[in-house]
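Below is one structure, written out as structure tokens; the observations come after it.
Only this structure's heavy atoms are used, side chains among them; waters, hydrogens and symmetry mates stay out.
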Amino acid sequence: MSWGYYKPTRRKEAKGGIQARSKRGAFGETWWGRRWMETLESFGMESRLARGRSYARSGQVLTLDCTSGAVAATVQGSQSRPYNITISLKDFTGPEWERVIERLRAEPSLIARLLGGELPEEIEEVFQAAKLSLFPARQREIQAECSCPDWGDPCKHTAAVFCLLAEELDRDPFLIFALRGKGREELLTTLTGGVVTQADEAPFEAPEPLPTEMLTFWEGRVAALPSTGGLHHPPLSAPLLHRLGPFPFWRGELPLAEALTLGLNTATERLSLQREETT
């Protein structure tokens with residue numbers, strides 16, 4: 001990023017940019033998404049983040065890649081060519097991660113919630129006990145570069161990516177670990193020793209075949225449902241979906257896992273009601 005004065009110009013309209021879910025107010029729907037934005041604001045970035053919110057909601061961010069332990073993005077500014085942005089956090093060292101893992105292993109309830117795709121608020125206390133901070137404690141822990149000539153720190157293009165990063169964290173809380181140097185699979189494998197959850201280990205039992213009654217078919221009567229016991233919610237909703245991680249192109253109002261879990265619960269309740277009506 002070059003330093004010096006430059007004449008302000010109007011941004012060019014972006015086509016096909018990423019549409020922010022947030023339409024007004026603050027970014028971040030989960031506690032960890034909000035915590036990310038609160039951390040940035042604590043570094044005195046309020047005015048810059050305000051410009052960034054405008055850019056993010058206008059679809060100026062064209063691409064956002066968070067798959068390599070760092071964030072790479074392109075943002076359409078005032079020039080014909082989009083600006084390139086990279087964002088990363090200071091990695092924890094091996095011994096630092098060992099301190100965190102040791103303390104996490106002493107908290108099996110936290111590990112269970114992590115396996116379920118949840119980021120417990122108590123996780124910050126675990127890092128504090130290891131004399132670390134999961135979210136940046138100082139601005140210098142954030143390395144951000146933009147190819148624009150703006151001397152601001154952060155520039156409005158980087159600020160826009162910061163805002164959308166809060167929504168990426170909403171969808172995938174394990175992104176904050178990846179930015180600290182340990183991705184989802186590596187973290188969970190280290191914590192569990194490669195052991196899968198009970199929900200994943202449960203064998204698949206094929207249901208009994210439905211009865212074949214020709215008379216029922218032609219007369220339009222509803223056949224009795226087979227007696228296979230009550231319907232229950234699984235101990236861990238959508239375990240395979242949580243293990244696969246977030247779907248990168250999902251832009252629904254709810255996170256994909258929550259949307260599918262809501263549909264599953266609704267279907268289970270309707271099947272339970274149908275069973276009661278036919279018995």
Below 3.5 Å, can you tabulate the donor-acceptor pairs from side chains in residues 59-66 to any protein atom, sequence neighbours excluded?
{"residue": "Q60", "atom": "NE2", "partner": "K12", "partner atom": "O", "Å": "3.0"}
{"residue": "Q60", "atom": "NE2", "partner": "Q76", "partner atom": "O", "Å": "2.8"}
{"residue": "T63", "atom": "OG1", "partner": "T74", "partner atom": "N", "Å": "3.3"}
{"residue": "T63", "atom": "OG1", "partner": "T74", "partner atom": "OG1", "Å": "2.6"}
{"residue": "D65", "atom": "OD1", "partner": "T67", "partner atom": "N", "Å": "3.2"}
{"residue": "D65", "atom": "OD1", "partner": "T67", "partner atom": "OG1", "Å": "2.7"}

Do E141 and R138 sit within salt-bridge range, that is, some charged N less than 4.0 Å from a carboxylate O? yes
For A130, is there any backbone N or O sitting under 3.5 Å from a side-chain donor or acceptor partner on R99? yes
Test side chain to side chain contact (heavy atoms under 4.5 Å, CB included) applied to F177 and I123, step by step: CA-CA 11 Å; F177 297 114; I123 199 76; 4.3 Å; yes
R103, CZ atom: more than 12 neighbouring heavy atoms under 6.0 Å: yes
A quick test of your reading: do over 12 heavy atoms of other residues, nucleotides or ligands sit less than 6.0 Å from NZ of K131? no
Kindly say whether A160 contributes a backbone atom to a donor-acceptor pair with the side chain of R53 at under 3.5 angstrom? no
Short N-O contact, E122 and R113, less than 4.0 angstrom: yes
Should R35 and T39 be marked as a side chain to side chain donor-acceptor pair (under 3.5 Å) after you check the CA-CA gap, both sets of side-chain angles, and the distance that decides it? CA-CA 6 Å; R35 181 77 170 86; T39 296; 2.9 Å; yes
Evaluate the ring planes of H157 and Y55, with Trp represented by its six-membered ring, and classify them as parallel (under 30°), tilted (30 to 60°) or perpendicular (over 60°). perpendicular
Please tabulate, one pair per line, all N/O donor-acceptor pairs under 3.5 Å involving side-chain atoms of residues 84-93, not counting sequence neighbours.
{"residue": "S88", "atom": "OG", "partner": "Q143", "partner atom": "OE1", "Å": "3.3"}
{"residue": "T93", "atom": "OG1", "partner": "E96", "partner atom": "N", "Å": "3.3"}
{"residue": "T93", "atom": "OG1", "partner": "E96", "partner atom": "OE1", "Å": "3.3"}

Are R48 and D150 ion-paired here, with the side-chain N under 4.0 Å from a carboxylate O? yes
